[in-house]
Amino acid sequence: MSHHPHRDSKRLPATLLVMGVSASGKTGISRRLAKRLDRAWLDADDLHPKANIEKMAAGFPLTDEDRWPWLDAVADWIATQRQDGKRCVVACSALKRVYRDHLRRADAELLLVFLKRDRAELELRIREREGHFMPPSQLDDQLATLEPPQADEATYVVTPKTKAKDTAKAVIKALRKRARHAEASEQEA
């Protein structure tokens with residue numbers, strides 16, 4: 001199956017940050033968004049230091065002190081993409097506002113795509129995953145840590161569909177509509 005990037009990809013924000021708790025679908029949805037939009041892609045989990053992975057795999061939640069070097073690496077990756085003139089999609093939990101603000105320093109126009117699922121669905125998804133370092137026991141900590149995006153954060157909230165590809169299509173459609181609306185508003189001003 002051939003893939004054609006959307007012609008209007010440049011009208012969308014340069015950096016899309018697909019966020020949410022563990023098992024919300026960040027990796028699959030963000031990967032499909034990046035492919036459909038012909039953008040660089042990062043699963044921020046790939047930048048976790050080995051010590052963080054081992055800590056989470058052992059059932060211990062990360063502290064802010066554990067997360068800051070990782071968030072620095074994610075922000076550096078975004079900044080490098082932007083400096084190189086590339087547009088990107090990042091899968092990153094970004095559970096707290098302060099984390100998202102830190103990532104925005106790499107791209108002030110970063111748009112959050114918040115994957116919102118109910119607890120029962122998350123529990124089912126996390127138990128069915130294979131080969132992921134995050135044990136089901138960490139879901140409570142993730143949900144307790146989550147600070148949903150606030151009204152002043154550029155955010156598109158989505159309840160994922162059954163298939164990641166369908167969610168990615170819906171997100172692109174909504175973002176395109178949002179971009180057209182913003183463009184029309186600018187022309188009226």
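When reading the values below, keep in mind they use all heavy atoms of this one structure, side chains included, and skip hydrogens, waters and symmetry mates. Counting begins at 1 with the first residue of the sequence.
- Counting only heavy atoms from C-beta outward, the side chains of Trp68 and His102 approach each other to under 4.5 Å.
- In this structure, Asp101 does not pair ionically with Arg105, as no charged nitrogen and carboxylate oxygen lie closer than 4.0 Å.
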Verify side-chain contact (heavy atoms from CB on, under 4.5 Å) between Leu17 and Leu111, making sure each step is shown before the conclusion. CA-CA 6 Å; Leu17 181 80; Leu111 178 77; over 6 Å; no
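- Between the side chains of Tyr156 and Arg178, not a single donor N or O lies within less than 3.5 Å of an accepting N or O.
- Contact check for Arg31 versus Leu42: no side-chain heavy atoms found under the 4.5 Å cut-off.
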One pair to check against salt bridge (charged side-chain N to carboxylate O under 4.0 Å, His left out): Asp64 and Lys96. What are the steps and the verdict? CA-CA 10 Å; Asp64 285 348; Lys96 292 183 178 182; 3.1 Å; yes
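- Here the closest non-hydrogen pair linking Ala40 and Ala34 is O-CB, 4.1 Å.
- Below 30°, between 30° and 60°, or above 60°: for His48 and Trp70 the angle between ring planes is below 30°, a parallel geometry.
- Panel note: side chain Arg82, backbone Lys86; a donor-acceptor pair is recorded below 3.5 Å.
- For the residue pair Leu139 and Ser22, the shortest heavy atom distance occurs at CD1-O, 4.2 Å.
- To the nearest 0.5 Å, the span separating CG on Leu37 from CG on Leu16 amounts to 6.5 Å.
- Counting non-hydrogen atoms of other residues, nucleotides and ligands closer than 6.0 Å to NZ of Lys165 gives a total of 12 or fewer.
- For the pair Val18/Cys92, no side-chain contact is recorded, criterion being any heavy-atom separation below 4.5 Å from C-beta on.
- Leu33 CG to Lys169 NZ: the interatomic distance, rounded to the nearest 0.5 Å, is 12.5 Å.
- Note: Leu146 CG to Leu143 CG = 7.0 Å, rounded to the nearest 0.5 Å.
- The shortest distance between side-chain heavy atoms of Ser30 and Trp41 falls below 4.5 Å.
- Side chains of Arg117 and Thr159 form no contact here, defined as non-hydrogen atoms less than 4.5 Å apart.
- The shortest distance between side-chain heavy atoms of Arg32 and Val89 does not fall below 4.5 Å.
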Would Cys88 and Trp77 satisfy side-chain contact (heavy atoms from CB on, under 4.5 Å), going step by step from the backbone distance to the final call? CA-CA 10 Å; Cys88 59; Trp77 186 89; 3.7 Å; yes
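- No donor-acceptor distance shorter than 3.5 angstrom exists from the side chain of Arg39 to the backbone of Arg87, with no hydrogens or angles considered.
- A salt bridge is defined here as a Lys NZ or Arg NE, NH1 or NH2 lying under 4.0 Å from an Asp or Glu carboxylate O, and Arg119 with Glu123 meets this definition.
- When all heavy atoms of Ile29 and Thr167 are compared, the pair lying nearest together is CD1-CG2, 3.6 Å.
- At distances below 3.5 Å, not a single donor-acceptor pair connects side-chain atoms of Glu54 with backbone N or O atoms of Ala51.
- Contact annotation: the side chain of Gln81 never approaches that of Thr15 to less than 4.5 Å [non-hydrogen atoms, C-beta and beyond].
- In terms of heavy-atom proximity, Arg11 sits nearest to Ala179 at O-CB, 3.8 Å.
- Checked for salt-bridge contact, Asp72 and Arg67 miss the test: no charged N lies under 4.0 Å from a carboxylate O.
- More than 12 heavy atoms of other shown residues, nucleotides or ligands fall within 6.0 angstrom of atom NZ in Lys55.
- With hydrogens and angles disregarded, no donor-acceptor distance shorter than 3.5 Å links the side chain of Asn52 to the backbone of Leu62.
- Using a 4.0 Å cut-off between charged nitrogen and carboxylate oxygen, Arg100 and Glu147 do not count as a salt-bridge pair.
- In this structure, the side chain of Asp43 engages the main chain of Asp45 through a donor-acceptor pair within 3.5 Å.
- The shortest non-hydrogen separation linking Pro13 to Glu109 is CB-O, 3.8 Å.
- Counting all heavy atoms, side chain and backbone alike, Ala154 lies closest to Leu110 at CB-O, 4.0 Å.
- Taking the side chain as every heavy atom from C-beta outward, Pro149 and Met19 approach each other to under 4.5 Å.
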